Amino acid sequence: MANERYNAREAEVRWQKTWDTQKIFQTTNEDPRPKYYVLEMFPYPSGRIHIGHVRNYTMGDVVARYKRAKGFNVLHPMGWDAFGMPAENAAMQNKIHPKDWTYENIATMRAQLKLMGLSLDWEREFATCDVDYYHRQQMLFLDFVEKGLAYRKNAKVNWDPVDQTVLANEQVIDGKGWRSGAEVEQRELTQWFFKITDFADDLLSEIDNLTRWPDKVRLMQRNWIGKSEGLQVRFQLSEEVHGHSEVEIFTTRPDTLFGASFMGLSADHPLTKELAKDNAELAAFVEECHKMGTSAAELETAEKFGFDTGLKVVHPLDSSIELPIYVANFILMDYGTGAIFGCPAHDQRDLDFARKYGLTVTPVVLPKDADPASFTVADEAYTGEGTIFNSEFLDGMSIDAAKDAVASKLEAVIIDDKPQALRKTQYRLRDWGISRQRYWGCPIPMVHCPDCGVVPEKKENLPIKLPDDINFDKPGNPLDRHPTWRDCTCPKCGKAAKRETDTMDTFVDSSWYFARFTAPWETNPTDKKAVDEWLPVDQYIGGIEHAILHLLYSRFFARAMCETGHMTVKEPFQGLFTQGMVVHETYKGEDGRWVSPAEITVSEKDGKRSAVHKETGETITIGSIEKMSKSKKNTVDPTDIIETYGADTARWFMLSDSPPERDVIWTEAGAEGAHRFIQRIWRLTLDVSEFLDFSALEKPETLSGEALALRKLTHKTLATVESTIEQLGFNRAVAQIYQLVNAIASAAKKEKLDKDASLCWVVDESMQLLLLMCSPMMPHLAEECWSQLGKEGLVSTQSWPQADSAMLTEDEITLPIQINGKKRGELTVAADADKDTIEKAVLASEPVLKALDGKAPRKVIVVPKRIVNVVI
RNA sequence: GCGGGCGUGAUGGAAUUGGUAGACAUACAGGACUUAAAAUCCUGAGGCCCUAGGCCGUGCGGGUUCGAUUCCCGCCGCCCGUACCA
């Protein structure tokens with residue numbers, strides 16, 4: 001065995017330079033070969049790359065390199081999702097300008113990424129905070145305004161009354177502002193929205209065609225859009241109040257109308273607002289409702305409260321019944337009409353509410369086999385199937401029939417020239433609020449003119465640049481208090497006017513960057529020819545946390561960009577893969593402070609792992625495995641890993657073991673194991689280059705013994721690696737490669753090779769195929785070994801090899817024999833043996849004869865090429 | 001609360017998608033080489049029972065099936081999203 005160690009640090013930089021000077025990863029739009037667009041979700045420039053990035057970008061890089069070898073013109077770009085709150089937080093805490101902070105981070109992270117040897121086209125790089133980029137985003141915004149896809153309306157925000165500023169949901173902790181600790185209030189502001197609901201139906205139905213998306217993501221998007229068929233019903237008030245004579249509700253369960261025991265209004269319902277004007281108690285209740293954050297999780301887990309208005313509505317199907325009207329904190333103004341009827345027996349929230357306020361609970365859906373006389377609902381609402389009862393003319397109907405009967409009946413009732421009820425399709429999806437009262441985002445290019453109102457800025461006046469001379473000494477939006485930035489002239493009448501100071505949600509930036517990558521130099525947002533050729537992205541890779549919002553917003557943007565003539569592809573991502581997180585153990589010192597993995601040494605004794613501080617010797621407690629985070633200090637810096645072991649080790653480890661869609665635990669041992677394997681391939685390469693006389697190799701006519709076995713294994717491995725990479729099952733590809741290396745290593749012994757010329761040829765072929773297979777995953781090592789073996793050119797530019805189909809078939813196969821479903825033996829038969837032959841052989845086999853003991857089997861199940869089961 | 005997912009040896013996981021559970025790797029133990037260590041190579045191993053051999057075993061409890069890690073129902077635990085974190 002050769003002893004020279006592979007010097008990854010030296011070799012990796014050298015090969016990166018070679019790829020760079022030969023520009024082999026730069027992509028031109030004019031290339032005639034079939035295109036393949038592989039994209040990983042671009043990073044937020046938080047400061048340094050983390051292992052999660054390494055995992056994400058390695059996966060994409062394997063696909064990019066593999067597809068390049070397969071003959072595709074591959075687009076594999078990189079950029080920065082560079083606007084957002086952390087830059088402003090850094091500005092407040094460290095007195096650094098958000099722009100400087102961001103671009104410094106980008107420089108650091110770019111340098112880190114370059115060490116990984118990713119096959120990226122860096123010529124196309126941009127950051128969303130580049131004026132060039134947000135200039136084009138402002139153009140898109142104006143086009144959206146023109147098409148009615150952007151508009152203004154009121155919406156609620158989290159308001160910090162002490163800091164006098166709008167808070168993000170994550171800045172609200174237990175209902176209090178994170179900085180001031182003040183109780184957060186809901187406030188209404190006029191804000192900009194994108195009309196994503198215009199596309200609700202298309203966004204929903206096209207999910208069916210996203211066959212290369214994970215089912216779970218498709219399901220989540222369907223549920224998010226939340227299409228439901230229901231009935232909008234007008235309930236008449238028993239007496240007119242403030243000019244209101246009725247309240248309209250939306251329900252998906254009109255079949256349960258006879259189980260209604262109350263009506264519920266949102267705290268923001270127009271009637272609630274009217275009533276609160278001269279009802280101090282109600283006004284106080286509404287204010288109480290507003291002392292909550294705006295996030296759904298918070299609203300829905302909060303205890304349910306109601307306020308009895310004392311008003312009544314008349315039951316639409318039985319005028320002798322009157323229902324009380326409550327204002328309740330769990331009814332959202334955003335969904336339906338902001339009013340509901342409560343049927344406690346068949347809705348859990350309504351039931352909780354009814355129990356709290358002592359309202360009646362009348363079941364109207366009878367489960368199958370239940371007794372109508374005794375069926376009651378206690379603490380759990382019945383939401384299942386059944387037959388309608390306690391419901392007059394609906395009794396005995398199925399749920400669906402009753403829904404239809406109620407709809408038909410109320411449609412026919414005319415009040416004030418309008419039917420009392422309308423069948424309606426409702427979506428849970430709401431329009432996308434994009435206004436942010438922050439500095440570090442894309443300015444919304446609109447002007448507020450005292451005479452003309454809200455007017456779009458002229459395109460020729462774009463870009464509306466962010467001013468640099470700002471500070472974060474005071475709370476609130478620096479754009480608001482900038483001495484001059486707001487001042488402008490009205491694009492319509494030319495008089496003095498003010499700029500909009502809201503900036504755009506950073507999700508806007510990431511909703512079209514994939515389109516911009518196809519022609520980042522273009523003066524328009526897109527080069528239509530380029531974008532239509534490159535899109536959709538063939539393989540998009542990123543975290544599951546983006547399953548809904550980012551992906552849905554991007555799908556909306558593609559549609560909106562189609563409507564405004566910027567492209568014609570409406571589904572941006574044809575293939576989607578969601579990778580898991582990288583997690584790590586946590587460590588705590590004696591005083592309970594978090595300690596980073598770099599500060600400690602872990603040892604194992606008698607199966608018990610313990611840790612001590614490297615410098616102080618202090619005992620360290622090993623804690624649970626958690627998502628890597630700065631606050632818990634359980635992060636691993638990829639640059640440290642690359643300096644210690646090299647980029648290929650980091651890449652290989654991130655692909656090994658864990659299925660890519662699942663979380664992976666970063667362990668030092670795992671990294672060392674990956675590194676040992678890299679050294680093993682290098683030693684194997686040195687051995688082979690020493691033992692083989694490459695000039696004397698000749699393809700043998702026939703193969704037998706170990707040479708045949710190795711060649712079969714090599715080609716089978718090639719076929720498997722190919723199919724697993726196609727499925728992004730990298731961990732399985734890795735396991736196959738381990739096995740192949742074990743086999744090559746045992747064949748590549750000097751004494752064996754000296755005796756067997758055909759084995760020499762097979763080993764040479766196996767090594768070449770091995771390196772080609774490894775190249776997408778460990779590209780630097782593959783180059784180094786390729787050149788060590790004296791092969792021509794760069795591995796990175798070789799074509800993907802084709803497996804020899806003659807090597808993939810077996811003459812004989814071994815079938816497991818089961819008796820009563822348990823494995824009791826094996827049977828070797830010809831691969832093409834038919835059922836009868838197998839059955840006869842099985843019945844004559846030793847374990848079966850023994851188990852049957854002269855009796856006849858009850859049943860024999862033969863699954864060709866799989867298994868035989870004898871039932872006794 | 002709601003929506004989605006995951007759970008297999010000491011550990012990461014594999015299992016041709018209903019057909020031999022534990023491939024491959026990590027950690028561990030023993031051996032070889034070495035003055036020694038590292039590296040490397042070889043060997044062992046799911047648990048239990050005294051062996052032949054057998055029993056148990058894929059979070060827990062049920063079900064469907066000749067056969068279930070895989071499908072169905074109900075629990076438990078953890079994770080993601082929940083519209084202003086990105």
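Values in this document were obtained by computation on a predicted structure and should not be read as measured data. Per chain, numbering begins at 1; letters A, B, ... match sequence-line order.
- Distances from the side chain of A/Met220 to the nucleotides B/A86, B/G4, B/C66 place B/G4 closest.
- In this structure, A/Asp509 atom CG and B/C84 atom P are separated by 14 Å, rounded to whole Å.
- Among the heavy atoms of the strands lying under 4.0 Å from A/Ala297 is at least one base atom, whether or not backbone atoms are also near.
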Could you list the protein-to-nucleotides 17-22 of chain B atom pairs, N/O on both sides, closer than 3.5 Å?
| from | atom 1 | to | atom 2 | distance (Å) |
| --- | --- | --- | --- | --- |
| B/U17 | OP1 | A/Arg866 | NH2 | 3.4 |
| B/G19 | N2 | A/Gln818 | OE1 | 3.4 |
| B/G19 | N2 | A/Asn869 | ND2 | 3.4 |
| B/U20 | O2 | A/Lys823 | NZ | 2.6 |

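- For the C1' atoms, the distance from B/G22 to B/A83 is 44 Å, rounded to whole Å.
- Nucleotides B/C42 and B/A27 are separated by 16 Å at their P atoms, to the nearest Å.
- A gap of 13 Å separates the P atoms of B/A21 and B/U16, to the nearest Å.
- With hydrogens and angles ignored, a donor-acceptor pair under 3.5 angstrom links the side chain of A/Gln191 to the base of B/C84.
- A straight line from CG of A/Asp657 to C1' of B/A27 spans 12 Å, rounded to a whole angstrom.
- Take the nearest nucleotide of RNA chain B for A/Ala735 and for A/Gly670: the residue whose nucleotide is more 5' is A/Ala735.
- Between B/C60 and B/U8, the distance separating the two P atoms is 10 Å to the nearest Å.
- Using bins of under 30°, 30° to 60° and over 60° for the plane-to-plane angle, the ring pair A/Tyr645/A/His675 lands in the tilted bin.
- Taking atom P in both B/A14 and B/C71, one finds a spacing of 15 Å when rounded to whole Å.
- Between the P atom of B/G1 and the CD atom of A/Glu298 lies a distance of 15 Å, rounded to the nearest Å.
- Centroid-to-centroid, the aromatic rings of A/Tyr513 and A/Phe42 come within less than 6.0 Å.
- Between A/Lys865 and A/Ala82, the residue anchored closer to the 5' end of RNA chain B is A/Lys865, taking for each the nucleotide with the nearest heavy atom.
- The separation of B/G3 from B/G74, taken at their P atoms, amounts to 13 Å, rounded to a whole angstrom.
- Summarising the geometry, the separation between NE2 on A/His550 and C1' on B/G81 is reported as 15 Å, rounded to the nearest angstrom.
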- line: Here RNA chain B, pairs taken as Watson-Crick or G-U under 3.5 Å and shown with ( ), [ ] when crossing and | when to another strand, reads (((((((..(((......[....))).(((((.......))))).((((...))))..(((((..]....))))))))))))....

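- Nucleotides B/C72 and B/U64 place their P atoms 15 Å apart, quoted to the nearest Å.
- The distance from atom CG of A/Asn820 to atom P of B/G54 is 13 Å, rounded to the nearest whole Å.
- Side chains of A/Asn477 and A/Tyr439 form a contact here, defined as non-hydrogen atoms less than 4.5 Å apart.
- Residue contacts for A/Phe507: at a heavy-atom cut-off of 4.0 Å it reaches a base atom on one of the strands shown.
- Aromatic ring pairs are classed by plane angle as parallel below 30°, tilted from 30° to 60° and perpendicular above 60°; the pair A/Trp432 and A/Phe557 is perpendicular.
- Atom OH in A/Tyr6 sits roughly 17 Å away from atom P in B/U40 (whole-Å rounding).
- When rounded to the nearest whole Å, the span between OH of A/Tyr645 and P of B/A39 equals 11 Å.
- Here A/Gly580 lies out of heavy-atom contact (under 4.0 Å) with every strand.
- Separating the C1' atom of B/A10 from that of B/C80 is a span of 28 Å, rounded to the nearest Å.
- Between A/Phe330 and A/Phe353, the ring center distance clears the sub-6.0 Å criterion.
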